[in-house]
Peer 1: 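Okay, handing you the structure first.
Every number for a ligand or one of its atoms is a count from 1 in the order of the listing. Model, not experiment: these values are computed from the prediction.
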Amino acid sequence: MPAGSTRRQRICDLLNTAADQQPVTVTGWVKTSRFSKNVSFVHVFDGSTPQTIQVVLKDDADDALKKRLGVGAAVRVRGHWVPSRGGKQDWEVVADGVEIIGDSDPSKYPLQRKRTSMEHLRTIAHLRPRTNTHQAMLRVRNALSWQIHKFFQDRGFLWIHTPILATSDAEGAGEMFQVTHGADATSFFGQPMNLTVSGQLHVECFAQSHTDVYTFGPTFRAENSNTARHACEFWMIEPEIAFADLDDVIALAEEFIKEVGLATMEQCAADFDFFDRFVAKGGVQEVREALAKPFARVTYTEAQEILAASGRQFDYPIGWGSSMQAEHERFLAEEHFKCPVFVTDYPTDQKAFYMRLSDDGRTVAATDLLVPRLGEIIGGSQREERLDVLQAELSRRGMDASSLWWYLELRQWGTTPHGGFGLGFERMLMWMTGISNIRDAIPFPRTPGNAAF
Ligand code: 4AD
Ligand code: MG
């Protein structure tokens with residue numbers, strides 16, 4: 001129990017009580033205050049709910065106190081819980097005493113009542129969690145993580161804590177941040193060390209020992225793509241299952257997205273109502289409907305045919321072998337299928353070395369889940385479990401297999417068909433809430449050129 005919580009009530013709990021004259025102690029920050037000759041109203045929030053409570057100050061309230069009760073001030077209110085005479089709330093606090101815990105000059109407070117742009121709020125990332133949008137986002141972020149763990153724990157998956165410091169480039173995309181200590185980049189560990197881009201290679205070891213596992217943690221990519229969907233530090237959920245093929249991976253991904261999505265919407269109903277009304281009008285309702293219906297499925301080859309037949313002018317090339325860009329992904333999910341769609345069987349050369357080579361010799365058992373408005377939120381595959389095929393692929397790519405000796409050995413001692421996927425946690429948040437920039441879906445975003453906090 002946090003310090004002091006025995007002496008205060010959380011606003012979310014208080015709003016669920018209907019006990020006339022119940023003594024009340026609440027703490028929080030002033031959102032608005034309105035003073036008149038006879039009566040004064042102060043609205044206080046504490047982060048536990050999107051709602052504020054209305055505090056009514058008696059006429060004899062001290063003028064000096066009123067001056068300090070401006071937006072931003074931290075307060076402790078003691079009083080009584082009574083049915084409200086105003087129309088906007090059912091209950092309110094009639095104050096017996098208000099204490100200023102921390103002053104805040106309302107004339108200089110960086111979060112004035114007028115709407116501040118999301119861009120500007122990024123420059124005050126230490127204060128933006130007090131705004132309605134970020135209040136809601138952080139509660140949803142918390143609930144989604146909770147539901148993700150619950151989903152896997154209910155099914156007996158083990159949460160594996162894969163390392164943040166990693167020597168291998170799991171995705172083979174050369175986008176790793178190097179970790180150094182002292183002048184020589186290799187002296188500390190005896191070899192170059194990096195921040196992980198994915199926990200997958202490590203979590204595969206545990207799928208080969210505990211069958212159903214997942215990792216959920218921060219990942220880091222030094223890609224210099226300054227887009228609204230890319231961050232240098234983001235969180236990823238990566239389940240990995242043994243004795244499984246691509247169909248099993250896709251079935252797990254679909255069940256997972258639907259269950260955690262709907263459970264989070266239920267847990268944070270009021271916050272989603274806010275996003276639906278003020279952030280992306282009707283967007284939440286669209287996602288809720290999408291989560292209630294089957295997702296579509298199409299092969300990469302079929303998807304290319306659909307793009308070619310669309311008559312659309314795309315900025316980037318289409319046709320077999322071309323890589324799918326966000327515009328293609330969005331066209332498929334948003335306009336063609338009008339629902340989330342699993343694209344499968346991508347050309348080998350577009351995907352990472354570990355994906356299972358199909359019998360056609362030119363595609364791998366891969367899948368991306370594309371959703372309307374955003375494009376890719378999941379990337380996954382069946383893994384290459386055949387040692388000789390994996391070795392041949394590594395050498396075909398000119399990759400150094402020596403640092404992956406342990407990964408290759410998994411294929412030597414009781415190898416199994418297995419697979420998994422990675423969900424971008426912030427991408428899922430963006431899709432569900434309608435927040436259009438990843439910088440607004442993570443507490444302190446890290447993007448190229450941005451490290452102010
Ligand atoms: O498709 P990716 O690169 O797949 C992997 O890393 C696999 N190892 C996953 C697995 O099979 N276990 O990344 C997975 C997801 C993407 O679909 C995307 O949602 C998200 O991670 N992602 C990013 N999110 C934010 N910023 C970035 N720079 C991201 N890069 C990938
Ligand atoms: Mg991907």
Peer 1: What are the atoms of ligand 1, with element, lying closer than 4.0 Å to any heavy atom of I378?
Peer 2: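 Listed by number with element, the hits are 17 (O).
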
Peer 1: Please check if any side-chain donor atom of E385 sits under 3.5 Å from a side-chain acceptor atom of Y354, or the reverse.
Peer 2: no

Peer 1: For ligand 1, is any non-hydrogen atom under 4.0 Å from E240's backbone (N, CA, C, O), its side chain (CB onward), both, or neither?
Peer 2: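 Neither; no heavy atom under 4.0 Å.
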
Peer 1: Heavy-atom distance under 4.5 Å between the side chains of I11 and T52, does that happen here?
Peer 2: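 No, side chains not in contact.
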
Peer 1: Within ligand 1, which atoms have a heavy atom of G379 less than 4.0 Å away?
Peer 2: 1 (O), 9 (C), 10 (C), 11 (O), 17 (O)

Peer 1: If we ignore angles and hydrogens, is there a donor and acceptor under 3.5 Å between the side chains of Q325 and S323?
Peer 2: yes

Peer 1: Within ligand 1, which atoms have a heavy atom of G420 less than 4.0 Å away?
Peer 2: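 This gives 11 (O) as the contact atoms.
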
Peer 1: Considering only heavy atoms, does F234 approach ligand 1 within less than 4.0 Å through its side chain, its backbone, both, or neither?
Peer 2: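 It is the side chain that gets close, since no backbone atom is under 4.0 Å.
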
Peer 1: Look at atom 1 (O) of ligand 1 and say which protein heavy atom is nearest, naming residue and atom and giving the distance to 0.1 Å.
Peer 2: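 That would be E376 OE2, 3.0 Å.
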
Peer 1: Just checking, is any N or O donor in the side chain of T215 or W159 under 3.5 Å from an acceptor N or O on the other one?
Peer 2: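 Distance-only check fails for T215 and W159.
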
Peer 1: Would you verify whether the NZ or CZ of K258 falls within 45 degrees of the ring axis of F295 while also being under 6.0 Å from that six-membered ring's centre?
Peer 2: yes

Peer 1: Is it true that the NZ or CZ of R141 lies under 6.0 Å from the centre of W146's six-membered ring and within 45 degrees of the ring axis?
Peer 2: no

Peer 1: Assess the side chains of T227 and H230: does a donor N or O sit below 3.5 Å from an acceptor N or O?
Peer 2: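 Yes.
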
Peer 1: Between E335 and R330, does at least one N-O distance fall below 4.0 Å, as a salt bridge requires?
Peer 2: no

Peer 1: Between the Mg ion (ligand 2) and E376, which N, O or S atom of the residue is the nearest one?
Peer 2: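 Within E376, restricted to N, O or S, the Mg ion (ligand 2) is closest to atom OE2.
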
Peer 1: Considering only non-hydrogen protein atoms, determine which one is nearest to atom 5 (C) of ligand 1 and report residue, atom name and distance to 0.1 Å.
Peer 2: E171 OE2, 3.3 Å

Peer 1: For E409 and W405, does a side-chain donor sit closer than 3.5 Å to a side-chain acceptor?
Peer 2: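 Result is no, nothing qualifies.
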
Peer 1: Going by the order shown, which atoms of ligand 1 are within less than 4.0 Å of some heavy atom of M236?
Peer 2: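 Counting atoms of ligand 1 from 1, those under 4.0 Å from M236 are 6 (O), 13 (O), 14 (C), 15 (C), 21 (O).
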
Peer 1: Examine the proximity of ligand 1 to E223 and report which part, side chain or backbone, both or neither, has a heavy atom under 4.0 Å away.
Peer 2: side chain

Peer 1: Find all atoms of ligand 1 within a distance of less than 4.0 Å from any non-hydrogen atom belonging to S198, and give their numbers and elements.
Peer 2: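 Listed by number with element, the hits are 6 (O), 8 (N).
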
Peer 1: Will you find, in the side chains of R130 and Y109, an N or O donor that is under 3.5 Å from an N or O acceptor?
Peer 2: yes

Peer 1: Are R411 and D388 within salt-bridge range, i.e. N to O under 4.0 Å?
Peer 2: no

Peer 1: Consider only side-chain N and O atoms of S358 and D360, and report whether a donor and an acceptor are under 3.5 Å apart.
Peer 2: no

Peer 1: Give the contacting part of Y354 toward ligand 1: side chain, backbone, both or neither, where contact means a heavy-atom distance below 4.0 Å.
Peer 2: side chain

Peer 1: Which atoms from ligand 1 have a heavy atom of I438 less than 4.0 Å away?
Peer 2: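 Near I438, meaning under 4.0 Å from one of its heavy atoms, ligand 1 has 25 (C).
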
Peer 1: Can you pull out the closest protein heavy atom to atom 6 (O) of ligand 1? Residue, atom name and distance to 0.1 Å, please.
Peer 2: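 Answer for atom 6 (O) of ligand 1: R221 NH2, 2.8 Å.
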
Peer 1: To check your reading of the model: name the closest protein heavy atom to atom 26 (N) of ligand 1, its residue, and the distance in Å.
Peer 2: A231 N, 3.0 Å

Peer 1: Check each heavy atom of V203 against ligand 1 and say whether those closer than 4.0 Å belong to the side chain, the backbone, both or neither.
Peer 2: neither

Peer 1: Answer yes or no for G380: is there a heavy-atom contact with ligand 1 below 4.0 Å?
Peer 2: yes

Peer 1: Considering non-hydrogen atoms of the protein only, which is the closest contact for atom 12 (N) of ligand 1, and what is the distance?
Peer 2: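 Checked against all protein heavy atoms, atom 12 (N) of ligand 1 sits closest to E238 OE2, 2.7 Å.
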
Peer 1: Considering only protein heavy atoms, which is closest to atom 20 (C) of ligand 1, and at what distance to one decimal place?
Peer 2: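 Sorting protein heavy atoms by distance from atom 20 (C) of ligand 1 puts G424 CA, 3.6 Å first.
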
Peer 1: Can you see whether F274 has R277 sitting over its ring - NZ or CZ less than 6.0 Å from the centre and within 45° of the normal?
Peer 2: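 No, a cation-pi geometry is absent between R277 and F274.
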
Peer 1: Heavy-atom pairs closer than 4.0 Å: do any link ligand 1 to the side chain of R383, the backbone, both, or neither?
Peer 2: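 Looking at R383 and ligand 1, just side chain atoms fall under 4.0 Å.
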
Peer 1: Residue-level breakdown please: for H230 versus ligand 1, do any non-hydrogen atoms fall below 4.0 Å on the side chain, on the backbone, on both, or on neither?
Peer 2: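 Contact part for H230 vs ligand 1: both backbone and side chain.
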
Peer 1: Among all protein heavy atoms in this structure, tell me which lies nearest to atom 19 (O) of ligand 1, with the distance rounded to 0.1 Å.
Peer 2: I377 O, 2.8 Å

Peer 1: Do me a favour and list the nearest non-hydrogen protein atom to atom 15 (C) of ligand 1 with residue, atom name and distance?
Peer 2: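 Ranked first by proximity to atom 15 (C) of ligand 1 is G422 O, 3.6 Å.
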
Peer 1: Taking atom types as modelled, is there a side-chain donor on Q267 or Q147 under 3.5 Å from an acceptor on the other?
Peer 2: yes

